[in-house]
Amino acid sequence: MKPSTTSPDSTALTTATTAPSKDGVVVTGVFESVLSVQQLAAELHVSAQTIYDLHSQGRGPTGFRVGRHLRFRKSEIEGWLARLEGEDCDRHSGESR
């Protein structure tokens, strides 16, 4: 597979790829953008250790390793944040204001 475009940020893996199939048809795909632990921590204004702790406790977004480096798909982060918002809303919906 050869990348046809690449992102200037090496960790933002939004890269279109093409590869010929057995019948000669070209298949095109796109890798989803990912964030490192440090990038996610900066976005959420928390420490990298907080991200590692949440991940190891099963309370953070689902991630994967590339070698020794932990990465998170943006869609996983968005889903995780949506779940947190829903849980927070559910937790506070019974409170009087």
Side-chain angles (χ1 to χ4, degrees):
M1 240 185 257
K2 294 183 181 180
S4 59
T5 61
T6 57
S7 172
D9 181 351
S10 62
T11 58
L13 297 176
T14 304
T15 305
T17 58
T18 59
S21 66
K22 292 179 183 179
D23 60 2
V25 176
V26 174
V27 179
T28 302
V30 176
F31 291 109
E32 183 178 353
S33 293
V34 298
L35 295 179
S36 68
V37 171
Q38 292 75 16
Q39 290 170 320
L40 178 56
E43 287 287 321
L44 297 177
H45 304 285
V46 298
S47 70
Q49 188 61 52
T50 297
I51 301 301
Y52 281 117
D53 291 345
L54 288 169
H55 179 72
S56 68
Q57 296 165 3
R59 297 175 38 219
T62 302
F64 60 95
R65 291 201 179 269
V66 179
R68 297 180 342 185
H69 305 282
L70 187 58
R71 298 288 186 253
F72 302 94
R73 286 184 178 89
K74 285 193 174 185
S75 62
E76 287 291 335
I77 296 166
E78 290 169 3
W80 171 64
L81 291 173
R83 287 190 301 276
L84 288 177
E85 289 172 351
E87 291 168 4
D88 191 51
C89 185
D90 292 345
R91 185 172 33 253
H92 296 292
S93 63
E95 293 180 6
S96 59
R97 297 177 186 222

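Leu81 pairs by the side-chain contact (heavy atoms from CB on, under 4.5 Å) definition with Leu44, Ile77, Leu84, not counting sequence neighbours. Residues passing the side-chain contact (heavy atoms from CB on, under 4.5 Å) test with Asp88, sequence neighbours excluded: Arg91, His92. Considering only residues two or more places apart in sequence or on other chains, Ser47 meets the side chain to side chain donor-acceptor pair (under 3.5 Å) condition with Thr50. Scored by the side-chain contact (heavy atoms from CB on, under 4.5 Å) test, Arg59 finds Leu54, Gln57 as partners (sequence neighbours excluded).
A side-chain hydrogen bond (donor to acceptor under 3.5 Å, both in side chains) check over residues 72-86, counting only residues at least two apart or in different chains, returns the pairs Glu32-Ser75.
The shortest heavy-atom contact between Phe72 and Thr62 is CD2-O, 3.7 Å. Of all heavy-atom pairs between Leu35 and Glu43, the closest is CD1-CG, 4.4 Å.
In this structure, His55 and Pro61 have side chains that are not in contact, with every pair of non-hydrogen atoms separated by 4.5 Å or more.
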